[in-house]
2 protein chains.
Amino acid sequence: MTEARSGRPGPRRTLSEQAILDAALALLAELGAERVTIRGLAARVGIAPNAVYTYFPDKAAVLHGLTEQLLGRVHDTQSGESSLPWRDRIHALAHDLRTDLLAHPGSVHLLLGDSMDGPNARAIGTAMLAILADADLDPNAAAHAAHLLNVHILGSVALETTDQAVATDRFQWGLDRLLDGLTTYAATQRDHPRS
Amino acid sequence: MTEARSGRPGPRRTLSEQAILDAALALLAELGAERVTIRGLAARVGIAPNAVYTYFPDKAAVLHGLTEQLLGRVHDTQSGESSLPWRDRIHALAHDLRTDLLAHPGSVHLLLGDSMDGPNARAIGTAMLAILADADLDPNAAAHAAHLLNVHILGSVALETTDQAVATDRFQWGLDRLLDGLTTYAATQRDHPRS
DNA sequence: ACCTGAACACCGTTCAAGT
DNA sequence: ACCTGAACACCGTTCAAGT
């Protein structure tokens with residue numbers, strides 16, 4: 001939305017939107033979500049707080065860009081591996097997403113407070129749909145299933161306690177129940193194609 | 001934790017913790033979660049902002065009490081109805097919880113930011129476990145299943161968009177896949193009791 | 001015990017002004 | 001276009017003081 005016009009640079013192009021988002025990601029990783037603030041961001045890149053509004057219309061736009069950064073990392077992590085069965089691929093994708101969210105304290109709440117409609121969010125969504133296409137689900141069910149997986153991943157991380165071991169156990173157990181449910185659905189669809 | 005000692009009332013017991021929580025709930029229902037603030041609370045009950053700290057140690061404690069209020073409402077809504085099959089009872093409980101959360105804008109994020117270990121939270125948890133006891137799940141699986149349901153309900157509401165119709169559709173579809181997965185698990189447990 | 005006024009250390013955001 | 005200083009309207013929380 002906020003494109004940097006390079007027709008005339010101004011006094012000196014000291015910064016870019018990307019530089020601010022990099023600072024936001026660093027702030028998030030180092031200090032947690034509640035500390036990524038306009039003023040803290042400005043201080044880190046060396047400008048006055050209100051100068052941030054030259055690059056982004058408001059804080060929500062910055063956070064939207066930040067969640068995109070976050071989701072981009074996940075999408076880079078899991079590229080190929082299309083030879084494995086679909087359940088294993090879902091497991092891998094879910095695990096990657098969860099791990100990345102846990103590495104950035106409070107990032108789940110950032111995602112949950114965001115629209116998550118950026119290009120990287122869509123990329124992950126289509127990656128899920130591509131995997132689910134191998135699960136014998138019709139397009140409508142696949143879309144529902146992709147959303148269901150998002151709910152499980154984000155919801156699990158958001159409800160996570162300090163005990164990492166039992167949290168991981170719960171996450172995997174729930175994911176398997178969920179995938180079992182999808183398998184059951186695919187089977188009934190195969191038997192009764194138009195009910 | 002913060003008990004009101006009645007050994008000597010002070011100048012005049014003008015307020016109570018409950019009065020503040022009532023104000024918090026009203027503020028939540030009328031203006032949304034981001035507007036339930038210490039200062040707004042104080043203004044509504046007619047005291048100075050810092051006087052709130054006579055009743056609660058900090059804002060987190062107020063929000064904890066508020067989520068308890070919220071969960072108490074749900075628990076009152078669904079009391080009996082133990083004659084129905086367990087799937088229907090889970091459906092009813094999940095529906096009640098979701099409806100109540102949707103009625104209070106932003107309340108999900110309040111719950112997700114809270115420990116949810118108060119008496120009303122536990123009451124809902126044990127209510128879930130009681131229902132799941134009829135689903136042929138061993139105690140460990142039942143505990144996992146209760147958490148899985150919480151993740152689905154809270155996660156679904158947190159990811160909800162403006163389109164109420166498709167949101168409800170997605171919620172119910174996912175819940176059914178999930179319950180199918182639990183049913184499958186119960187069946188395999190019945191066949192292989194100690195694997 | 002309960003309440004107040006004043007203050008501290010923060011927020012996001014806007015405005016007028018400079019280059 | 002990009003940046004600044006100053007200000008506005010907020011926060012949560014603490015402190016000293018009054019009853």
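The chains referred to below are lettered A, B, ... by the order of the sequence lines, with proteins before strands, and numbering in each begins at 1.
Both distances falling under 3.5 Å, in either a Watson-Crick or a G-U wobble arrangement, place dC15(D) opposite dG5(C).
Between Thr37(A) and the phosphate of dG12(C), there is a side-chain N or O to OP1/OP2 separation shorter than 4.0 Å. Side-chain nitrogen and oxygen atoms of Tyr55(B) include at least one within less than 4.0 Å of the OP1 or OP2 phosphate oxygen of dC3(C).
Checking dG12(C), dG12(D), dT4(D) against every side-chain atom of Arg39(B), the shortest atom distance belongs to dG12(D). Counting only heavy atoms from C-beta on, Ile38(A) has its side chain closest to dG12(C) among dT13(D), dG12(C), dC3(C).
Rounded to whole Å, atom C1' of dT4(C) lies 14 Å from atom CG of Leu15(B). Rounded to an integer number of Å, the gap from CG of Leu41(A) to P of dC11(C) is 11 Å. The distance from atom CD of Glu34(A) to atom C1' of dG12(C) is 17 Å, rounded to the nearest whole Å. The separation between Arg35(B) atom CZ and dC10(D) atom C1' is 11 Å, rounded to whole Å. Atom pair Leu63(A):CG and dC11(C):P shows a separation of 14 Å (rounding to whole Å applied). The interatomic distance linking Asp58(B) (CG) with dG12(D) (C1') rounds to 10 Å, in whole Å. The interatomic distance linking Glu17(B) (CD) with dC2(C) (C1') rounds to 13 Å, in whole Å. Between the CZ atom of Phe56(B) and the C1' atom of dA1(C) there is a distance of 16 Å, rounded to whole Å.
Ion pair Arg98(A)/Glu160(A) flagged as a salt bridge, since at least one NZ, NE, NH1 or NH2 atom sits closer than 4.0 Å to an Asp/Glu carboxylate oxygen.
For the 3.5 Å distance criterion, the side chains of Gln189(A) and Asp138(A) qualify, holding a donor opposite an acceptor. Side chains of Asp180(B) and Thr184(A): a donor-acceptor N/O pair is absent below 3.5 angstrom, by distance only.
Here the side chain of His91(A) pairs a donor or acceptor atom with the backbone of Arg87(A) at under 3.5 angstrom.
Distance noted for atom P between dA9(C) and dA9(D): 22 Å (whole Å).
Heavy atoms from other residues, nucleotides or ligands lying under 6.0 Å from NE2 of His109(B) number more than 12.
Among the atoms of the strands shown, only primed sugar atoms or phosphate atoms (P, OP1, OP2) are found under 4.0 Å from some heavy atom of Ala48(A).
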